[in-house]
2 protein chains.
Amino acid sequence: MIKRSGRRRGSPDTRDSILEAARRLFADKGFDATTVRAIAADAGVDPAMIHHFFGTKEELFRATIQFPIDPTTEIPDIVAGGRDEVGHRLVAAFVRIWDSPSGAVGASIIRSAMSNDWTLRLMREFLTTQIMRRIVAAIDLDPAEAPLRVSLIASQLAGLAIMRYIIKLEPLASLPSEQVVALIGPNVQRYVTGSLTAET
Amino acid sequence: MIKRSGRRRGSPDTRDSILEAARRLFADKGFDATTVRAIAADAGVDPAMIHHFFGTKEELFRATIQFPIDPTTEIPDIVAGGRDEVGHRLVAAFVRIWDSPSGAVGASIIRSAMSNDWTLRLMREFLTTQIMRRIVAAIDLDPAEAPLRVSLIASQLAGLAIMRYIIKLEPLASLPSEQVVALIGPNVQRYVTGSLTAET
DNA sequence: CCATAAATTCAACGCTAGTTGAATTACTGG
DNA sequence: CCAGTAATTCAACTAGCGTTGAATTTATGG
């Protein structure tokens with residue numbers, strides 16, 4: 001009844017239902033635990049449609065994790081305002097992304113990477129080529145120290161993601177985002193600007 | 001040829017090969033991605049033996065994660081020596097466990113919990129009933145603040161585990177344990193004794 | 001030495017997974 | 001209006017999973 005935009009190439013909108021369902025399920029269960037049939041059911045579509053539009057399950061997964069964050073809008077916000085509050089802004093941006101629909105992408109990758117070889121490689125590449133490079137560029141760090149500092153930042157942020165968004169450990173999971181920033185920001189800040197040798 | 005201890009009940013030593021193989025594989029791939037058949041192959045045993053000795057795959061998993069840390073020896077070490085170095089000792093103990101063969105248990109649980117419902121529940125229970133309670137008891141915290149502080153500590157330690165032992169992000173993965181303690185200890189310390197409201 | 005019970009092997013069941021190919025329907029450009 | 005192409009449906013295949021039960025070997029206690 002409802003007339004869809006009827007393009008010849010590029011596909012109509014069941015393609016989008018599939019992508020949407022896949023994003024939701026991958027974020028919720030990870031790559032391996034999510035079945036093509038479940039995605040099809042959730043999208044109200046025959047499993048064969050998935051292969052018609054996306055080919056293999058792996059290709060579908062890759063299609064769902066096209067990073068929907070525009071770095072040109074996000075990164076400058078983090079740098080702007082001085083180096084000694086970068087930690088706060090990093091955590092703030094991180095929490096903002098994870099609380100938004102785009103957080104599903106992160107959840108997908110983390111969940112999948114824990115028990116799947118190629119998604120782990122994908123995550124490591126993603127971390128080192130995308131995130132690491134951007135953080136280093138954003139806050140200009142001593143190149144000699146940068147990898148270690150970024151490792152440490154990543155450890156705190158990954159732990160935050162897991163405890164708050166995946167394990168949902170209370171009270172951290174229900175904490176307002178500003179409080180999360182206030183509590184964890186300073187520690188991230190220490191990894192950004194703190195000494196790497198002598199600590200108190 | 002070699003004579004094994006021949007008890008009637010309790011089983012001889014293929015049982016141990018199975019446990020060993022299971023521990024290794026579960027730690028490496030997680031619960032779902034590890035197949036009973038792979039464990040059997042790795043142990044050089046028929047798959048049916050696994051059910052003979054352990055029943056279901058789930059029961060085998062539970063058998064592999066019987067926590068081999070004696071809390072009575074580990075916990076006191078953490079408390080002893082004053083409250084303002086608890087962070088260091090917590091990280092030190094954490095890294096010591098993860099660098100030891102017992103680290104496989106943690107890896108098993110984390111890997112499995114990311115894409116499996118009941119192992120996630122198992123991990124959450126483990127965190128709240130075992131770890132949390134012990135930490136609270138060890139460092140005596142204000143009961144009102146304890147859950148939040150432990151959440152924050154858990155977030156940093158979980159992130160450390162994932163980046164260092166699972167993702168193996170460099171240079172964090174190859175850092176000597178003393179350096180890890182020196183770098184991350186102070187931040188954990190902040191979660192133990194730092195203010196929860198106003199931060200610099 | 002023999003009966004008994006555990007250890008081990010083997011083959012198979014039932015199920016679900018990803019994937020495929022052919023048949024059918026719907027739609028659009030000419 | 002009519003091809004032709006994309007979208008959709010349907011049924012099936014293959015492979016691997018956890019699990020089972022019966023058959024067979026091994027070894028020990030009496």
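Bear in mind the structure is a predicted one, so any value in this text is a computation, not a measurement. In what follows, chains carry the letters A, B, and so on, assigned in the order in which the sequence lines appear, proteins first and then strands, with residues in each chain numbered from 1.
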Item to check | Pairs satisfying salt bridge (charged side-chain N to carboxylate O under 4.0 Å, His left out), at least one member in residues 51-64 of chain A, at least two apart | outcome: A:E58-A:R62
Which residues pass the side-chain hydrogen bond (donor to acceptor under 3.5 Å, both in side chains) test with [X], sequence neighbours left out?
X: B:T193; value: B:Q189
X: B:D99; value: B:Y165
X: A:E145; value: A:R149

Atom pair distance, as rounded to whole Å: [atom1] in [X] and [atom2] in [N]:
X: A:H52; N: C:dT25; atom1: NE2; atom2: P; answer: 17 Å
X: B:F61; N: D:dC17; atom1: CZ; atom2: P; answer: 18 Å
X: B:K29; N: D:dG16; atom1: NZ; atom2: C1'; answer: 15 Å
X: A:D13; N: C:dC27; atom1: CG; atom2: P; answer: 12 Å
X: B:I18; N: D:dT19; atom1: CD1; atom2: P; answer: 14 Å
X: B:I39; N: D:dG18; atom1: CD1; atom2: P; answer: 8 Å
X: B:R15; N: C:dA7; atom1: CZ; atom2: C1'; answer: 13 Å

Next on the checklist: In the structure I gave you, are the side-chain heavy atoms of B:V45 and B:I39 within less than 4.5 Å of one another anywhere?
Outcome noted: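 They are not in side-chain contact.
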Please tabulate, for the side chains in residues 108-116 of chain A, all donor-acceptor contacts under 3.5 angstrom to protein atoms that are two or more places apart in sequence or on a different chain.
{"from": "A:S108", "atom 1": "OG", "to": "A:A27", "atom 2": "N", "distance (Å)": "3.1"}
{"from": "A:S108", "atom 1": "OG", "to": "A:A104", "atom 2": "O", "distance (Å)": "3.3"}
{"from": "A:R111", "atom 1": "NE", "to": "A:D28", "atom 2": "O", "distance (Å)": "3.3"}
{"from": "A:R111", "atom 1": "NE", "to": "B:M114", "atom 2": "O", "distance (Å)": "2.8"}
{"from": "A:R111", "atom 1": "NH1", "to": "A:A27", "atom 2": "O", "distance (Å)": "2.8"}
{"from": "A:S112", "atom 1": "OG", "to": "A:F31", "atom 2": "N", "distance (Å)": "2.8"}
{"from": "A:S112", "atom 1": "OG", "to": "A:S108", "atom 2": "O", "distance (Å)": "2.7"}
{"from": "A:N116", "atom 1": "OD1", "to": "A:W118", "atom 2": "N", "distance (Å)": "3.2"}
{"from": "A:N116", "atom 1": "OD1", "to": "A:W118", "atom 2": "NE1", "distance (Å)": "3.3"}
{"from": "A:N116", "atom 1": "OD1", "to": "A:T119", "atom 2": "N", "distance (Å)": "3.2"}
{"from": "A:N116", "atom 1": "OD1", "to": "A:T119", "atom 2": "OG1", "distance (Å)": "3.2"}
{"from": "A:N116", "atom 1": "ND2", "to": "A:D32", "atom 2": "OD1", "distance (Å)": "3.0"}
{"from": "A:N116", "atom 1": "ND2", "to": "A:D32", "atom 2": "OD2", "distance (Å)": "3.1"}

Item to check | Sorted by number, the residues of residues 107-121 of chain A with heavy-atom contact under 4.0 Å to DNA chain C | outcome: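 When residues 107-121 of chain A is checked for heavy atoms under 4.0 Å from DNA chain C, there are no hits whatsoever.
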Checklist entry - Is there any side-chain hydrogen bond (donor to acceptor under 3.5 Å, both in side chains) pair reaching into residues 35-45 of chain B, and which pairs are they, with sequence neighbours excluded? => result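 Qualifying pairs: B:R24-B:D42.
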Only pairs under 3.5 Å count here: list side-chain donor-acceptor contacts from residues 172-179 of chain B, not counting sequence neighbours, and write none if there are none.
{"from": "B:S174", "atom 1": "OG", "to": "B:E170", "atom 2": "OE1", "distance (Å)": "2.8"}
{"from": "B:S174", "atom 1": "OG", "to": "B:E170", "atom 2": "OE2", "distance (Å)": "2.8"}

Item to check | A:T34 side chain vs A:L25 backbone, donor-acceptor pair below 3.5 Å | outcome: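 Flag set: sc A:T34 to bb A:L25 pair under 3.5 Å.
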Checklist entry - With respect to the phosphate group of C:dT8, does any side-chain polar atom (N or O) of B:T14 fall under 4.0 Å of OP1 or OP2? => result yes
Checklist entry - Taking protein heavy atoms under 4.0 Å as touching, what does nucleotides 9-22 of chain C look like 5' to 3' if B marks base contact, S marks sugar-phosphate-only contact and - marks none? => result BB-B----BBBBB-
